[in-house]
Amino acid sequence: MPSNAEAAALLREIADLLDLNGERFKPEAYRRAARSLETLSEELAVVAARGGLREVPGVGDAIEEKLREYLASGRIGYLDRLRTQIPGGLLEMMRLPGVGPKTTRRFWVELGVTDRAELAGAIEAGRLEGLKGFGPRKIDQVRSALTTAAAGPAPGRVPIDVVYATAVGLRDALRAHAPVDRVEIAGSFRRCRETVGDLDLLVTSTDPEKVFDVFSANPAIAEVRMRGGTKETVVLRGGLQVDLRVVEPDAFGAALQYFTGSKEHNVRLRSLARDRGLKINEYGVFRGDERVGGRTEEELYALLGLAWIPPELREDHGEIDQAASGQLPRLVEAADLRGDLHVHLPKGDPEAGLRAVCARAEALRLDYLGIVVAEPDGSAGQLRTVDALSAAMTAAKGGAVRLLPVAEILPETPTSEVKRVGAELLVLRPGAGTPAAPADLPAPAALRLVAHVGGEAVAAHRWLDVAARSRIAIETGPGAERVDSSLARAAAAMEVRLAVPTGVGEAEGEATRAIALGFARRAGASRESIANARPFEGVRAGAVRRPRRPTAG
DNA sequence: GCCGTTTTCGGCCCGACTGTTTTCAGTCG
């Protein structure tokens with residue numbers, strides 16, 4: 001089964017092998033195309049079928065042909081030929097920290113070393129010592145890189161919800177204990193990408209040394225990898241790399257913009273700057289040698305004739321043209337969320353659980369909550385009906401938050417069961433089953449939401465179709481049971497409303513809330529396209545279904 | 001190999017840091 005991810009991986013392998021061959025610009029061209037495929041919200045085969053491959057950024061004649069070959073046969077002949085020319089072990093060697101393509105190639109050509117084991121042998125035999133450019137420290141560096149690599153693979157990109165608490169913890173520790181003015185997390189974390197490869201922290205301070213001292217002492221940090229005058233790189237206990245940079249207050253906006261990326265977005269900005277006789281880098285905006293801006297991001301974008309672009313949109317997917325023409329969407333914000341349609345109470349004491357959930361909801365100024373009172377397997381436990389919910393509410397003194405009873409059902413759940421629990425909102429749990437036809441879905445309640453859409457993207461796409469045809473909202477957010485931002489974008493394009501979970505049912509719900517909101521924003525969603533940004537009355541009246549646009553004429 | 005509204009050829013981000021150097025190459029982001 002061809003997939004976008006696999007195609008991207010093959011292009012990346014071509015890039016790595018070309019690197020080892022000493023090619024100058026081709027590797028980056030293949031990587032650019034690979035990155036495009038990874039953020040594509042459509043199946044490659046679908047794009048190819050309508051002849052749209054050339055519209056994918058970074059795909060030209062040559063790569064289009066290779067993608068067609070991949071779709072037809074699952075292989076790329078060019079890659080197969082490269083693999084026969086270059087030993088596969090070199091790729092592993094090249095991924096050692098501090099060892100790049102040039103160094104790997106020299107090990108191969110000058111020492112005949114073709115994998116990590118042979119490299120270790122060569123080091124122990126003292127064969128690196130004669131090599132030009134290899135002093136004792138460099139050799140030590142390679143040796144310890146080999147040891148670390150043998151202990152376990154470095155983590156690749158990590159899901160954002162997994163690193164969320166760590167990232168925020170590091171940021172808050174700096175705010176509390178280091179002599180800093182501003183602290184922000186930049187990089188793909190700030191753009192709220194589904195996964196992050198590392199963390200980028202940016203601070204302003206007049207005492208970088210002290211900042212690094214405080215940071216290095218954080219117990220989450222396993223190793224300080226390097227430390228200079230403006231930058232420190234550390235590795236966390238989980239293996240994730242964190243870069244901390246100190247910049248001048250006057251350059252904070254430029255640095256924040258620069259280190260937030262994405263790379264593609266920044267390339268486009270620099271080219272716009274060049275057209276205007278300007279130069280931008282992490283230190284500011286310059287006309288010749290004169291610095292004309294960079295204290296804030298807004299200023300930087302304004303100098304390029306652009307409205308400020310929310311970080312979640314900075315992927316060079318058309319947002320720059322929108323910012324130039326004033327067409328940027330007004331993205332949903334945290335304050336727009338009025339309620340939550342899908343809250344599971346913690347297991348155990350339902351009254352205490354409800355009390356805690358309501359307290360969190362009030363703190364977030366939410367007006368209403370959909371509380372799951374019945375699940376397909378009966379696991380909602382003690383809270384099985386609306387009557388039970390009301391009793392628990394009274395006991396818990398629910399306060400100002402209004403509650404909606406929710407039945408979570410499978411598509412095949414009998415209507416009689418839904419009626420029996422008296423639910424006002426239905427949450428569809430697709431489970432492993434195939435999507436039912438909309439006509440088959442039980443419909444005694446006015447409001448419907450699809451959640452727990454886990455598993456394969458293909459199944460999720462089918463659910464999007466069902467949701468679009470029968471006007472059901474779909475839940476976005478982190479984890480395998482919610483849709484990610486690219487599916488959310490597809491949903492938005494089909495005029496399917498999104499639901500943004502607020503995390504009030506979880507002890508650590510802040511991450512869920514922030515990430516779900518970020519995914520909705522990455523999808524370009526406005527307040528109007530969010531089911532739980534509707535007021536309570538609207539939700540209850542069935543307005544969770546997105547109204548159809550009036551048809552012209 | 002890709003790209004372009006000054007280019008269909010001639011560019012392709014560029015600065016910090018490290019280790020090895022005596023002025024620089026490689027890696028990384």
Side-chain angles (χ1 to χ4, degrees), chain A residues 11 14-15 17-36 53-67 76 78 82 93-107 128-129 131-142 144-145 154 157 186-188 196-202 208 212 224-235 241-247 251 254-255 257-284 286 316 321 324:
Chain A
L11 294 185
I14 291 176
L17 292 170
L18 290 173
D19 249 340
L20 287 167
N21 259 350
E23 292 276 0
R24 295 265 282 143
F25 298 106
K26 287 187 193 180
E28 265 319 295
Y30 278 96
R31 287 193 188 101
R32 178 164 142 75
R35 280 193 298 272
S36 286
L53 284 177
R54 285 297 304 270
E55 289 156 26
V56 177
V59 176
D61 284 337
I63 294 182
E64 178 188 15
E65 195 182 317
K66 290 175 179 74
L67 290 176
I76 299 177
Y78 180 61
L82 284 171
M93 248 162 72
M94 192 171 75
R95 286 181 196 120
L96 293 168
V99 179
K102 300 265 175 52
T103 308
T104 302
R105 187 173 169 81
R106 288 192 57 201
F107 288 155
L128 266 61
E129 278 153 37
L131 242 50
K132 193 174 177 197
F134 282 84
R137 297 173 71 102
K138 184 76 190 173
I139 293 171
D140 268 349
Q141 190 187 69
V142 177
S144 73
R157 297 186 70 87
S188 48
V196 299
D198 63 7
L199 290 174
D200 296 288
L201 289 168
L202 199 62
F212 293 151
V224 176
R225 191 165 277 175
M226 77 178 193
R227 178 167 165 172
T230 64
K231 177 183 170 185
E232 180 174 33
T233 297
V234 304
V235 180
Q241 180 170 311
V242 184
D243 293 328
L244 172 64
R245 290 181 174 81
V246 181
V247 301
Q257 195 289 316
Y258 184 88
F259 291 112
T260 297
S262 66
K263 188 171 179 169
E264 287 73 17
H265 177 89
N266 287 358
V267 166
R268 282 287 309 279
L269 286 196
R270 280 194 290 271
S271 129
L272 268 185
R274 199 183 48 211
D275 296 346
R276 291 177 162 244
L278 298 170
K279 190 175 96 123
I280 52 177
N281 57 31
E282 63 263 53
Y283 300 108
F286 298 88
D316 191 24
D321 290 338

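Numbers restart at 1 for each chain; the letters A, B, ... are given by sequence-line order, proteins then strands.
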Kindly give the heavy-atom pair with the smallest separation between A:P97 and A:A145, and that separation in Å. O-CB, 3.9 Å
Minimal heavy-atom distance between A:A254 and A:N281, with the atoms involved, is CB-O, 3.6 Å
Integer angstrom distance from the [atom1] of [N] to that of [M]:
N	M	atom1	answer
B:dT27	B:dG11	C1'	23 Å
B:dT22	B:dC28	C1'	25 Å
B:dG1	B:dT6	C1'	23 Å
B:dT23	B:dC12	C1'	26 Å
B:dC9	B:dG19	P	46 Å
B:dT8	B:dC14	C1'	27 Å
B:dT21	B:dA16	P	24 Å

Looking at [N], I'd like to know if its phosphate oxygens (OP1 or OP2) sit under 4.0 Å from a side-chain N or O belonging to [X].
X	N	value
A:R270	B:dC13	no
A:K263	B:dC12	no
A:Y30	B:dC12	no
A:S271	B:dG4	no

For [X] and [N], what is the distance between atoms [atom1] and [atom2] respectively, to the nearest whole Å?
X	N	atom1	atom2	result
A:R245	B:dC14	CZ	P	17 Å
A:E264	B:dG29	CD	C1'	13 Å
A:F286	B:dC13	CZ	P	19 Å
A:R31	B:dG29	CZ	P	12 Å
A:R32	B:dG29	CZ	P	20 Å
A:R54	B:dG4	CZ	P	10 Å
A:D321	B:dT5	CG	C1'	12 Å
A:R227	B:dG19	CZ	C1'	19 Å

Residue [X], side-chain atoms from C-beta onward, closest of [options]:
X	options	result
A:Q241	B:dC13, B:dC28, B:dC17	B:dC28
A:N281	B:dG1, B:dG29, B:dG15	B:dG15
A:T230	B:dC13, B:dA16, B:dT20	B:dA16
A:K26	B:dG19, B:dG1, B:dA16	B:dG1
A:A29	B:dG29, B:dG1, B:dC17	B:dG1
A:D198	B:dT20, B:dT18, B:dG29	B:dG29
A:Y283	B:dG1, B:dG19, B:dG15	B:dG15
A:I63	B:dG1, B:dC17, B:dG29	B:dG1

Heavy atoms under 4.0 Å, any strand shown: does [X] hit a base, just sugar-phosphate, or nothing?
X	value
A:G187	nothing
A:N266	nothing
A:P27	nothing
A:I14	nothing

What are the atom names and distances for every N/O pair under 3.5 Å that joins the protein to nucleotides 23-26 of chain B?
unit_1	atom_1	unit_2	atom_2	d
B:dG26	O3'	A:T103	OG1	3.1

Any chance you could measure A:R31, atom CZ, to A:E28, atom CD, to the nearest 0.5 Å? 5.5 Å
Closest to the 5' end of DNA chain B, once A:G228 and A:V267 are matched to their nearest nucleotides, is A:V267
Mapping A:K138 and A:K279 to their closest nucleotides on DNA chain B, which lands nearer the 5' end? A:K279
Under 3.5 Å, side chain of A:R105 to main-chain N/O of A:L20, donor-acceptor pair present? yes
Do any N or O atoms from the side chain of A:S36 and from the backbone of A:P57 form a donor-acceptor pair under 3.5 angstrom? yes
Flag as yes if A:F25 stacks onto the base of B:dC12 (centroids under 5.5 Å, planes under 30°), otherwise no. yes
Taking the side chain as every heavy atom from C-beta outward, state whether A:R270 and A:Y258 have any pair of such atoms under 4.5 Å apart. yes
Using a strict threshold of under 4.0 Å (side-chain N to carboxylate O), is an ion pair present between A:D316 and A:R35? no
Salt bridge check: are A:D19 and A:K102 linked by an N-O gap of less than 4.0 Å? no
B:dT6 glycosidic torsion: syn (within 90° of 0) vs anti: anti
Any strand: nucleotide that pairs with B:dT8 via Watson-Crick or wobble, under 3.5 Å: none
Run A:N266 and A:Q257 through side chain to side chain contact (heavy atoms under 4.5 Å, CB included) and show every step you take. CA-CA 8 Å; A:N266 287 358; A:Q257 195 289 316; 3.0 Å; yes
So A:Y30 and A:Y78, would you call those rings parallel, tilted or perpendicular, with 30° and 60° as cut-offs? parallel
